[in-house]
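Note that ligands are numbered from 1 as they come in the structure, with each ligand's atoms numbered from 1 the same way.
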Amino acid sequence: MGKYEDVFHASSEDPESFWLAAAQGIDWEVAPRRALDASGAPFYRWFPDGRLNVCFNALDRHVEAGRGDQPALIYDSPVTGTRRTYSYTRLRDEVATFAGGLARLGVGQGDRVVIYMPMVPEAAIAMLACARIGAVHSVVFGGFAPHELALRIDDAAPKVVVSASCGIEGKRVIAYKPLLDRAIELAVHKPQKNVILQRPQERAELGTDDLDWADLVAAAPPADCVPVPANAPLYILYTSGTTGKPKGVVRDSGGYAVALHWSMGAVYDVGPGETMFTGSDVGWVVGHSYIVYAPLLVGATTVLYEGKPVGTPDAGQFWRVAAEYRVKSMFTAPTAFRAIRKEDPKGLLTANYDLSALRYLFLAGERLDPETYHWASTLLDIPVIDHWWQTETGWPIVANPMGIEAAPVKPGSPTRPLPGWDVRVVDPSGDPAPPGVDGAIVVKLPLPPGALPTLWNDDDRYVASYLSAFDGYYLTGDSGHIDGDGYVFVMGRTDDVINVAGHRLSTGSMEEVLAAHPDVAECAVIGVADALKGQIPRGFVVLKAGTSREASEIEAELVQLVRDRIGAVASLKSVAVVAALPKTRSGKILRKTMRGIADGHDEPIPSTVDNASVIDALRPVLRSPDSTP
Ligand code: COA
Ligand code: AMP
């Protein structure tokens, strides 16, 4: 039995002992005596009798252990020409001071703080400051528009919002404050105060409810860590659901800290004093877990990079960062590597940098296409590790665990389930699918520590969305198969979630925006394959009878509407006015058939189709976005 089998076996035979042993990697105010409380199933609780503070574990304990001078966080921003290193002592002090500032504003244990910030260290400082005083943060990705921010403000009901005067997108400076002001105007819930980090690239005008970050910290005494129950929420992170209302994924404190700490050694093979660079954004789960919390929990150094893989200013920036900070594990989305490859197909820019410290490249967020896998592994000549996870899970479900044992890679598969994850593939009636046969990917309950315990203020939606399809199993929303060697192949979503440049978006929410246009009678948005971004959305609308305006005018309005309501990150650039949409006899739009045709497949026409001729009429426009229907 290889080491992977040993560890996996130990975790499934005796999860109680396995996770209690893993919990020893964390400093507890009150150490847990039990790992799992299943008495409230399907609402499971990890480490029910433990108390801890996650910020203490991420910062203070390392200072106390003598790591105070070691870099904790390196801010590298090619878009502003800034580099700044925070030692563990400095980061702890700045976090404690900001936490003191939040406390002065009345933020206490359990209160929510929405953080809407670009990739600046103050975003991580604000997150850790919340954790320090037991407040619950909810970071909203900067690429979302005011309407999306307003939805999250209304759901989380924050006492305070923390934001910045601007973000920098490539060469553009994007003023954040007007977006925040608009969101607060749209929201029913009104935060008491907004703390604004003034950036020199564009300062914001502050109103009566706004406070300058610098003024707040100048007057604030440092705050101590407040120990909280292991089950206290650390954060809420909203993710796309099937409707326009995002799902507020709740993350507990103790289970998450244990799982992340364990994963750093087992999966990423990064320990104290080593450096990890995760090229993502703090607005996504990857950023929460592997830019901020996990590297700090183990006393490693994390790189927070404000820039893009290409164009800021070139496709060599990831190599520069890896070389300059002696990065051991790099983690990003496959799309970033496709972008680099497009600019520098032969990877010539790597020659300018010393990549001798780089041991692994981890990729996640979307399917790793074998071509990108081969390109990256040939170029870097290090293990390229595809791994599969979700906002809901907080850490990987399936991975090739570099700190346990490197298994042979099968391109197209993220390898085998990690300890804690009992992954199955089932057919529509819930029966196990034979090896190699596609079905719904589910995970047997209970989920391991770190995974979501519920949705914010919505246990019913948690059960309805994830637990009701197959009794006793968590529905991942992904489909795929497991082969005879136990390798999992994740092929795509079974719902209307799409992955655009590693960003998770809902076509359903884009349809809601299109349907709200006064000239639109009905619409469909589908995710189609894209060589760079993995998938991109395309919209199709049927106009109301009697609409006489130019189709092209309406199409442009619809593209703009989605940009205004959801944000530029939606990347909806093509909307086509069509005569009709293909439907089943019961009136369901055949989105899967449309998607298959758009992707160039020989898509079978379902027998339930009502209007087959519509499909023939639509075929040219589906195949080529530029042709007119
Ligand atoms: N604030 C404001 N606008 C933002 C934004 C932010 N934080 N992030 C993205 N946008 C905007 C972009 O500027 C772009 O606007 P445009 O349509 O005017 O050009 C739009 O949203 C779409 O962004 P994106 O899909 O990211 O495309 P891009 O062309 O700017 O960059 C990649 C493409 C592949 C380089 C980039 O997406 C990337 O690096 N992705 C991989 C890493 C990653 O973050 N993955 C997430 C999970 S691991
Ligand atoms: P997010 O919640 O943004 O992390 O997106 C999660 C979704 O991204 C998953 O449900 C998958 O559809 C997709 N995904 C993430 N990682 C992978 C991977 N390694 N392979 C295939 N799909 C992935």
Looking only at protein heavy atoms, identify the closest one to [atom] and say how far it is in Å.
atom: atom 26 (O) of ligand 1; value: H503 NE2, 3.3 Å
atom: atom 28 (P) of ligand 1; value: K308 NZ, 3.8 Å
atom: atom 41 (C) of ligand 1; value: T335 CG2, 3.4 Å
atom: atom 27 (O) of ligand 1; value: K533 NZ, 3.0 Å
atom: atom 8 (N) of ligand 1; value: F141 CZ, 3.4 Å
atom: atom 45 (N) of ligand 1; value: A333 CB, 3.8 Å
atom: atom 18 (O) of ligand 1; value: R563 NH2, 2.7 Å

Show which atoms of ligand 1 fall inside a sub-4.0 Å distance from at least one heavy-atom site of [X].
X: A568; value: 11 (C), 15 (O), 20 (C), 21 (O), 22 (C)
X: G502; value: 46 (C), 47 (C)
X: K573; value: 17 (O)
X: G279; value: 42 (C)
X: P309; value: 35 (C), 39 (O)
X: G143; value: 1 (N), 2 (C), 3 (N), 4 (C), 5 (C), 6 (C), 7 (N)
X: S571; value: 22 (C), 25 (O)
X: I174; value: 2 (C), 3 (N)

Answer yes or no: is there a side-chain heavy-atom contact under 4.5 Å between [X] and [Y]?
X: H503; Y: F144; answer: no
X: R359; Y: S329; answer: no
X: Y290; Y: P396; answer: yes
X: W395; Y: Y256; answer: no

Start with the C-alpha distance between Y353 and R320, add both sets of side-chain angles, then the distance that settles side chain to side chain donor-acceptor pair (under 3.5 Å), and finish with yes or no.
CA-CA 6 Å; Y353 302 100; R320 177 186 63 74; 5.5 Å; no
Can you tell me if [X] and [Y] form a side-chain donor-acceptor pair at under 3.5 Å?
X: D76; Y: Q317; value: no
X: Y238; Y: T391; value: no
X: Y360; Y: D269; value: yes
X: T415; Y: K410; value: no
X: S165; Y: R203; value: no

CG/D252 to OH/Y235 distance, rounded to the nearest 0.5 angstrom?
9.5 Å
Touching ligand 1 at all, [X]? Heavy atoms, strictly under 4.0 Å?
X: G365; value: no
X: Y305; value: no
X: V569; value: yes

Using distance alone, determine whether S280 and ligand 1 share an N or O pair under 3.5 Å.
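Between S280 and ligand 1 (N or O atoms, distance only) the closest approach is not under 3.5 Å.
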Can you find an N or O of T332 that's nearer than 3.5 Å to an N or O of ligand 1?
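In fact, backbone or side chain, T332 has no N or O that close.
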Should the proximity of Y116 to ligand 1, defined as any heavy atom under 4.0 Å, be assigned to the side chain, the backbone, both, or neither?
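Answer for Y116: neither.
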S465: side chain to side chain donor-acceptor pair (under 3.5 Å) partners, not counting sequence neighbours:
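Checked S465 against side chain to side chain donor-acceptor pair (under 3.5 Å); zero matches.
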Set of residues satisfying side chain to side chain donor-acceptor pair (under 3.5 Å) with respect to Q560, sequence neighbours excluded:
D564
What pairs with H147 under ring-ring contact (aromatic ring centres under 6.0 Å, His included), at least two apart in sequence or on another chain?
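Residues passing ring-ring contact (aromatic ring centres under 6.0 Å, His included) with H147: none at all.
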Which one of I174, V120, T80 satisfies the side chain to side chain contact (heavy atoms under 4.5 Å, CB included) criterion with I168?
T80
Given T302, which partner from the list V270, I74, I291 fulfils the side chain to side chain contact (heavy atoms under 4.5 Å, CB included) test?
I291
Considering only protein heavy atoms, determine whether one is less than 4.0 Å from atom 36 (C) of ligand 1.
no
Closer than 4.0 Å: a protein non-hydrogen atom to atom 32 (C) of ligand 1
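Under the 4.0 Å cut-off, atom 32 (C) of ligand 1 has no protein heavy-atom neighbours at all.
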On the six-membered ring of Y4, is R416 placed so that its NZ or CZ lies under 6.0 angstrom from the centre and within 45° of the ring axis?
yes
With atom 9 (C) of ligand 1 as the reference point, say which of K342, E169, E306, R172 has the nearest heavy atom.
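Ranked by closest heavy atom to atom 9 (C) of ligand 1, first place is E169.
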Got the residues with a heavy atom under 4.0 Å of ligand 2, by chain and number?
V285, G365, E366, R367, D386, H387, W388, W389, Q390, T391, D478, V490, R493, N499, R504
Quick check on the 6.0 Å ring-centre criterion: do H387 and F362 meet it?
yes
